[in-house]
Engineer: 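The structure is given below, and queries will be raised subsequently.
Only a predicted model underlies this, so the values are computations on that prediction, with no experimental measurement involved. No hydrogens, no waters, no symmetry mates; every other heavy atom, side chains included, goes into these values.
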Amino acid sequence: MLGWALTFLVVALIAGVLGFTSVAGAAMGIAKILFFVFLVLFVVSLVLHLVRGRGVGPGPL
């Protein structure tokens, strides 16, 4: 997901340099949304990992 956000960011920067402001604005909006979705999913994953901790299974043989 972060890869898609970076892709749209690059598209927005290139479109902005070339003067396609509406395309640049749309791509930047999509990149921003994807970045925040990635950030929320990352934080949720991190919290779940910290809460669960290590599994209570059999140790090494």
Engineer: Determine whether Val37 and Trp4 fall in the same hydrophobic cluster, where Ile, Leu, Val, Met, Phe, Trp and Tyr are linked whenever their side-chain heavy atoms lie under 4.5 Å apart.
Structural biologist: yes
Engineer: I'd like to know if Ile30 and Val11 are part of one continuous hydrophobic network [Ile/Leu/Val/Met/Phe/Trp/Tyr, side-chain heavy atoms within less than 4.5 Å].
Structural biologist: no
Engineer: Closest heavy-atom contact between Gly16 and Ala24?
Structural biologist: N-CB, 3.7 Å
Engineer: In Å and rounded to the nearest 0.5 Å, what is the CZ to CD1 distance from Phe8 to Ile33?
Structural biologist: 10.5 Å
Engineer: Which residue in the set Leu48, Leu41, Val47 passes side chain to side chain contact (heavy atoms under 4.5 Å, CB included) when paired with Val44?
Structural biologist: Leu48
Engineer: If I compare all heavy atoms of Leu9 with all of Ala31, which pair ends up nearest, and what's the gap?
Structural biologist: N-CB, 3.8 Å
Engineer: How would you list, by chain and number, every residue that makes a side chain to side chain contact (heavy atoms under 4.5 Å, CB included) with Leu39, sequence neighbours excluded?
Structural biologist: Phe35, Phe36
Engineer: Going hydrophobic residue to hydrophobic residue with side-chain gaps under 4.5 angstrom, can you get from Ile14 over to Met28?
Structural biologist: no
